[in-house]
Amino acid sequence: MSERYIVILAAGQGTRMHSKSYKVLHPVCGKAMVDHVLTQAEQVHAQEIVTVVGCGAEQVEELLQERTQYALQEKQLGTAHAVLQAADLLEAKAGTTLVISGDTPLFTAETIEKLFTYHEQHQAQATVLTAQNEDPFGYGRIIRDENQQVQKIVEQKDASVAEQAVTEINTGVYCFDNQKLFHYLHQVKNDNAQGEYYLPDVIELMQQNQDRVLAYQMADFSESLGVNDRVALAQATKIMQVRINQSHLRAGVTLVAPEQTFIDVDVQIGPDTTIEAGVVLKGQTTIGSDCYITSGSRLVDATVGDQVRIDSSTIEEAEMQAGSNVGPHSHLRPQALIGPQVHIGNFCEVKNATIGARTRLGHLSYVGDATLGSDINVGCGVVFVNYDGVKKYHTHVGNQAFIGSNANLIAPVEIADHAFIAAGSTITADLPERAMGIARARQVNKPDYWDRLPLSQDESWQ
Ligand code: UD1
Ligand code: CA
């Protein structure tokens with residue numbers, strides 16, 4: 001096997017996206033398109049990967065970091081010109097170079113590997129990856145001669161009516177003999193409808209010079225979908241989602257309605273977990289085994305242990321440990337750490353707080369900037385008052401404390417183990433172990449109050 005190199009083209013603006021963001025940075029199932037391409041390319045074990053950047057170069061490099069080398073294309077003069085920018089890094093080397101676009105997020109490492117192998121086994125100088133597409137508009141067309149040999153590739157805007165009828169398209173992925181590639185790139189001209197230097201023109205130049213040019217047709221067009229606008233972005237997302245969901249189904253996850261379940265590509269889920277329709281799992285979320293997640297739940301960068309139940313709730317950058325449960329309609333915000341067997345019921349919010357094992361928070365509570373021990377009962381409507389308009393303060397609650405309903409804990413305050421807080425109290429001072437704190441006005445009853453009301457004189461009210 002000769003040396004292998006990969007060039008990823010990612011310098012274009014993506015005008016047809018009508019976006020402030022650069023095209024290759026648009027995410028598909030939680031990962032930027034160019035990151036999808038690089039992730040697959042990395043699995044092929046090429047000696048070098050070079051990404052050509054231009055529009056949004058800084059952002060692309062920030063995203064992909066040291067995983068690839070970079071070549072800068074200052075002006076976007078076309079795909080041939082883009083590849084030429086990698087000359088300093090690659091031109092002198094012997095081997096095979098695969099070129100792929102940063103806007104084709106669905107290609108798999110398996111397909112890339114197959115193209116390399118086909119090209120190497122057939123000792124071609126160029127092999128273009130093609131596909132059949134009944135609706136080929138926008139793609140370059142593969143023009144073959146009477147012997148079915150690839151002659152050239154014609155872009156949509158340059159194609160004659162007859163050429164436009166061709167349904168075999170250029171997927172934008174090619175293998176080239178590296179030195180031949182750079183040799184011919186210098187000869188590509190821009191005398192075409194778009195005034196650009198087209199990479200596919202290298203194919204025609206090689207063909208004319210009796211170099212061995214082959215086409216490798218893939219069975220399934222959908223993998224080669226190129227994303228030029230948001231219609232294609234939505235199509236790519238749909239295809240990727242089917243792929244992701246099928247891999248979870250095969251690994252033992254029950255998705256009650258897979259077509260209505262939205263799972264990002266890096267999410268991990270353990271077997272025997274059940275996920276209802278309308279659940280959204282984003283970012284670096286991991287979920288254990290034997291969990292149950294009901295419709296309307298949204299998890300972003302969440303860490304969820306085994307046997308957790310999440311009922312129509314939102315969890316962002318928070319952790320739920322084994323056997324805990326939440327919801328319906330609660331919100332776990334960043335830095336919420338929910339310990340094992342903890343019960344968080346409905347309409348609760350937890351932020352930057354640790355909640356110890358088996359503590360219960362049944363209804364309508366806010367816990368912010370706090371550390372709660374284990375086996376605590378937090379009554380209905382308890383508020384951890386953490387903010388004075390300037391700073392945030394922390395509250396500690398010890399093990400087996402009991403916090404009555406509708407209490408306010410004004411931080412900073414320390415509630416020791418086994419302490420009690422009477423319902424309706426506004427707690428501003430520390431509470432020692434085993435003590436009870438009551439902080440509310442005593443009730444005063446006014447006898448015969450009714451009789452003093454003017455209304456009571458009215459016959460109709462008697
Ligand atoms: C390209 C091919 C077309 C093929 C299609 C497959 C050319 C001329 N046409 O068309 O035959 O069917 O892909 O999806 O190659 N880019 C740069 N610098 C540039 C121009 C483009 O880096 O100067 C990058 C873009 O960021 C993009 C990729 O190259 O990732 C392809 O460019 P794009 O404009 O999308 O080409 P298509 O019109 O889709
Ligand atoms: Ca494209």
Side-chain angles (χ1 to χ4, degrees), residues 6-17 19 21-26 28 32-38 41 50-57 59-60 64 68 70-86 99-107 126 128-133 135-143 150 152-159 163-164 166-174 176 181 185 188-204 215 217-218 221-233 235-236:
I6 296 177
V7 176
I8 301 172
L9 303 183
Q13 164 76 40
T15 322
R16 290 164 281 182
M17 297 294 280
S19 175
S21 175
Y22 304 100
K23 177 166 71 175
V24 298
L25 292 173
H26 278 263
V28 170
M33 290 200 277
V34 67
D35 195 351
H36 277 291
V37 174
L38 178 58
V50 179
T51 302
V52 181
V53 293
C55 296
Q59 289 96 318
V60 175
L64 303 179
T68 162
Y70 299 97
L72 181 66
Q73 185 193 27
E74 278 175 13
K75 277 193 179 153
Q76 284 60 59
L77 303 180
T79 46
H81 179 260
V83 177
L84 203 49
Q85 308 313 303
V99 181
I100 187 167
S101 295
D103 67 351
T104 49
L106 298 172
F107 277 115
V128 52
L129 186 66
T130 76
Q132 283 294 341
N133 183 357
D135 180 18
F137 185 87
Y139 289 90
R141 309 297 207 285
I142 305 294
I143 309 301
V150 177
K152 59 177 178 176
I153 297 170
V154 180
E155 291 306 299
Q156 174 74 39
K157 288 183 179 158
D158 301 292
E163 287 166 340
Q164 284 179 23
V166 172
T167 53
E168 188 181 14
I169 59 108
N170 169 23
T171 65
V173 186
Y174 329 71
F176 296 99
L181 169 65
L185 277 176
V188 171
K189 298 199 173 63
N190 66 349
D191 50 353
N192 52 52
Q194 303 187 80
E196 287 185 3
Y197 297 91
Y198 292 160
L199 177 61
D201 284 359
V202 168
I203 297 290
E204 189 176 7
Q217 195 177 104
M218 45 199 296
F221 161 76
S222 68
E223 200 184 312
S224 67
L225 187 78
V227 175
N228 294 329
D229 60 19
R230 307 236 190 187
V231 174
L233 184 68
Q235 287 167 341

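For ligands, and for the atoms within them, numbers begin at 1 and follow the listed sequence.
Inclusion of L9 in the set of residues having an N or O under 3.5 Å from an N or O of ligand 1 is warranted. For ligand 1, the polar-atom distance check finds no N/O of G138 at less than 3.5 Å from any of the ligand's N/O atoms. In terms of polar-atom proximity, I153 is not counted as a contact of ligand 1, lacking any N or O under 3.5 Å from an N or O of the ligand. Considering both main-chain and side-chain atoms, Q73 comes within under 3.5 Å of ligand 1 through a nitrogen or oxygen pair. Backbone and side-chain nitrogen or oxygen atoms of Y174 are examined, and none is located within less than 3.5 angstrom of a nitrogen or oxygen of ligand 1. In terms of polar-atom proximity, defined here as any N/O pair under 3.5 Å, T79 does make such a contact with ligand 1. The shortest N or O to N or O distance between G172 and ligand 1 is not under 3.5 Å. At a 3.5 angstrom cut-off on N or O pairs, N228 counts as close to ligand 1.
When the options Y197, Y139, Y198, Y22 are ranked by their closest heavy atom to atom 8 (C) of ligand 1, first place goes to Y198.
Under the side chain to side chain contact (heavy atoms under 4.5 Å, CB included) rule, Y174 has a single partner from V202, I100, V7, V128, which is V128.
Of the heavy atoms in K23, only side-chain atoms (C-beta onward) come closer than 4.0 Å to ligand 1. Contacts between V52 and ligand 1, counted as non-hydrogen atom pairs separated by less than 4.0 Å, are absent for every part of the residue. At a heavy-atom cutoff of 4.0 Å, ligand 1 is contacted by no atom of M33, backbone or side chain. At a 4.0 Å heavy-atom cut-off, ligand 1 touches A11 through backbone and side chain alike. Neither the backbone nor the side chain of E196 comes within contact range of ligand 1; no heavy atom lies under 4.0 Å.
In this structure, C55 and G12 approach most closely via the heavy-atom pair CB-O, 3.7 Å.
For G102, the heavy-atom gap to ligand 1 drops under 4.0 angstrom.
A side-chain donor from one of K23 and N228 sits under 3.5 Å from a side-chain acceptor of the other.
Among heteroatoms of the N, O or S kind in D103, OD2 lies nearest the Ca ion (ligand 2).
Remark: E74 CD to H81 NE2 distance equals 9.0 Å, nearest 0.5 Å.
One of the N, O or S atoms belonging to N228 lies under 3.0 Å away from the Ca ion (ligand 2).
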